[in-house]
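All residue numbers in this chain count up from 1 along the given sequence.
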Amino acid sequence: MSPKTKTKSVAAYDLGKLLHDVIGEMHEGVRVVGRDWRYLYVNTAAARQCMVDRKKMLGKPITDCHQGIEKTVLFSKLKQSMAQKKSFRLEHEYVLPDKSTRTFECYLHPVSEGVLILSFDVTKQKIAQRELAESEAKFRALVEKSLVGVYLIQDGVFKYANPKLGKIFGYKAGDLVKGMGPRDLVYPSDWPLVQENLKRRITGEIDTVHYRFNGIRSDKKVIRIEALGSRTIYNGRPAVIGSLFDVTDEERKDFEIKQRADELIKFKQAVEGSSDEIVFTDLDGRIVYANPALLKLTGYSMDEVMGKKPWDLWLKSDQPMDYEKLLQKLLVDKKPLSGEYVNHKKNKGVYISRTTTSPIMDKQGNVIYFVSVGVDVTREREIDRMKIEFVSVASHQMRTPLTGVKWLADLLLTEGADELSVKHRKMVQEIFQMNERMIRLVNDLLDVSFIETGHRFAVKRVPGDLAAAVRDAVSDSAIMANDKRIHVVMSRTMPKSLKCNFDEPKIRQVLLSLMNNAIDYSPPNSRVTIGCRRVHSEVVCSVADQGVGIPKKQQPRIFEKFFRADNVLPLKPGGTGLGLFIAKAIVDSHGGRIWFESKAGKGTTFFFSLPV
């Protein structure tokens with residue numbers, strides 16, 4: 001061998017050794033698979049990647065070194081590269097001997113001996129990519145489901161808009177990113193404000209903004225928007241990102257709260273200056289506010305009444321359960337209740353208060369407080385008592401001469417009838433009838449005085465036949481009905497007998513009062529129908545006429561003392577307005593109810609019930 005040839009040979013040897021050493025120390029795995037599928041070369045990195053001893057891999061079939069590799073895409077591509085002399089690039093997951101999995105990026109390149117395999121461990125990169133993808137997915141899901149509108153604006157148009165932003169303005173999110181911009185969502189007069197804020201962000205003059213403006217929906221409805229935003233870089237260029245809130249309802253609520261506060265101030269001023277007693281209680285009946293008028297009247301201070309119950313203070317002598325039941329009734333019925341109470345002052349004095357207690361409800365109809373408004377009627381009741389006593393004494397004093405007149409007139413009409421001329425007899429009859437009316441009036445006044453003193457009628461409920469009492473009342477009113485040409489008939493459902501416990505004289509008084517009214521206020525040749533029947537645990541009587549009826553506006557007052565409806569005054573000028581008042585008192589004393597149904601010009605039906 002010539003020196004020149006020898007030098008070339010040594011150089012080639014040195015170069016081959018150098019390449020061998022370099023490849024052996026590479027971080028990337030290098031393997032050569034021969035045509036017999038045995039490893040011809042494996043560098044250190046490849047052995048480390050496969051977690052197999054390098055010496056054990058050399059000369060061994062690839063299928064023996066890696067269990068199950070023949071079922072992988074890598075093996076399929078190896079065969080294809082071997083046969084077709086093609087290069088391939090792919091990712092491959094190795095299941096290592098310790099059962100762990102690592103991901104490699106592999107390059108397959110055909111060589112004269114077989115196929116060269118270069119492998120790069122990309123496990124960390126894949127994990128990072130997966131975590132990034134998961135993070136992006138979570139972020140997107142968070143933004144997509146956000147309760148606030150989220151946007152990204154670049155070049156004056158929306159590059160991104162979440163569903164909530166679309167919903168706020170009445171669009172689909174996809175519609176906003178099809179060339180629409182912020183100007184399409186801003187009320188024209190507010191666009192200069194929004195445009196200036198966008199410009200200052202995009203140029204970097206300010207980092208973030210927080211302001212409100214008027215937006216406009218797709219249906220042209222104006223809404224109030226609160227905006228928060230900042231500058232960002234998107235695809236290498238400046239952009240604006242941020243979020244929007246629909247604060248229309250919030251601003252309206254703020255306005256309502258302010259308005260309510262103003263109203264409360266006015267209300268408090270009115271309450272503080274009122275001469276009526278006003279007290280607010282919670283659902284348990286505990287006092288949360290009492291106005292100065294009540295405190296002055298009772299003698300208590302605000303500190304003494306706060307948190308206390310009225311029946312522990314000025315109502316302390318009454319039964320607490322009565323008031324607790326009253327509150328429960330208010331909770332259920334949600335209607336005001338009125339009554340008169342004897343209130344006790346702190347310093348042992350008493351006064352009478354006419355009080356109306358009402359529930360205060362929220363917008364959903366739930367009771368949240370009770371308010372009681374009372375008026376001191378002590379002096380009124382004292383005057384009433386004096387009037388009643390005067391009427392009672394006067395009525396008793398009048399009964400004696402009236403009874404005497406009745407006895408003398410009756411004596412003249414019976415024993416002295418033959419001695420009287422027709423003219424004088426008629427005059428005595430008129431005296432007798434007018435005296436009877438006076439006696440009825442005096443009896444009514446005595447009944448009223450008895451009721452007004454706070455007593456109930458001393459009813460004597462004994463077993464009796466209500467149907468028979470009705471028939472007797474019809475007989476008693478027959479003469480009056482005939483004189484007025486009124487047809488009094490029994491109801492078709494009238495039973496032959498209806499047994500119950502009642503005070504017969506007093507219930508007959510009720511029946512006659514109702515029938516007399518029906519006859520008095522009915523036109524000639526009309527019909528009055530009377531009946532009674534049993535309904536569950538009650539017996540119900542009814543008197544129906546075809547008369548003038550009761551005007552709707554005056555119906556609530558029909559059982560008041562001395563009250564008479566306007567349309568009956570011409571028909572019976574001499575009425576007292578006491579009959580229905582007394583009838584109600586008698587029925588109430590039996591533990592019953594009395595009511596009516598009426599239409600002006602179409603007649604009235606009165607009902608009363610008695611417990612069986």
Provide the closest heavy-atom pair for [X] versus [Y] in the form atom of the first, atom of the second, distance.
X    : Y    : answer
L176 : L165 : CD1-CD2, 3.8 Å
S274 : N291 : O-ND2, 3.8 Å
V350 : V342 : CB-CG1, 4.2 Å
S275 : A293 : O-CB, 3.7 Å
I168 : G149 : CD1-N, 4.0 Å
T355 : S372 : CG2-CB, 3.8 Å

Value rounded to 0.5 Å, distance of [atom1] in [X] from [atom2] in [Y]:
X    : Y    : atom1 : atom2 : value
L511 : N516 : CG    : CG    : 10.5 Å
I586 : F502 : CD1   : CZ    : 13.0 Å
R217 : Y171 : CZ    : OH    : 9.5 Å
I519 : H487 : CD1   : NE2   : 12.0 Å
E226 : Y211 : CD    : OH    : 11.0 Å
L514 : C541 : CG    : SG    : 9.0 Å

Is any side-chain heavy atom of [X] less than 4.5 Å from a side-chain heavy atom of [Y]?
X    : Y    : value
F370 : L330 : yes
V371 : I278 : yes
N162 : Y151 : no
D190 : I225 : no
P359 : L331 : no
R286 : T281 : no
L244 : L185 : no
L283 : V367 : yes

Counting distance only, does the side-chain N/O of [X] pair as donor-acceptor with the main-chain N or O of [Y] below 3.5 Å?
X    : Y    : result
R534 : H536 : yes
Q555 : I550 : yes
T378 : Y351 : no
S589 : A585 : yes
R533 : V540 : no
D503 : R461 : no
E340 : I352 : no
D376 : E277 : no
E304 : S301 : yes
T248 : R224 : yes

Is it the case that over 12 heavy atoms from other parts of the model lie below 6.0 angstrom from the [atom1] atom of [X]?
X    : atom1 : result
Y369 : OH    : no
R527 : CZ    : no
K334 : NZ    : yes
Y187 : OH    : no
H210 : NE2   : yes

Just checking, is any N or O donor in the side chain of T356 or S338 under 3.5 Å from an acceptor N or O on the other one? yes

Evaluation steps, side chain to side chain contact (heavy atoms under 4.5 Å, CB included), between Y300 and L294: CA-CA 8 Å; Y300 290 99; L294 184 138; over 6 Å; no

Residue among L580, D588, I582 satisfying side-chain contact (heavy atoms from CB on, under 4.5 Å) with K584: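 Testing K584 for a side-chain contact (heavy atoms from CB on, under 4.5 Å) against L580, D588, I582 leaves exactly one candidate, D588.
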
For the pair R593 and S609, evaluate side chain to side chain contact (heavy atoms under 4.5 Å, CB included) and give the outcome as yes or no after the intermediate values. CA-CA 5 Å; R593 302 176 295 127; S609 67; 3.6 Å; yes

Side chain to side chain contact (heavy atoms under 4.5 Å, CB included), that's the test. Do M490 and I530 meet it? Break it down for me. CA-CA 5 Å; M490 298 287 189; I530 185 169; 3.9 Å; yes

Once the angle between the rings of F559 and F606 is folded into 0 to 90°, is it parallel (under 30°), tilted (30 to 60°) or perpendicular (over 60°)? perpendicular

For a side chain to side chain contact (heavy atoms under 4.5 Å, CB included) check, start with the C-alpha distance between I360 and F280, then their side-chain angles and the critical distance, and finish with the verdict. CA-CA 10 Å; I360 298 177; F280 285 80; 3.3 Å; yes

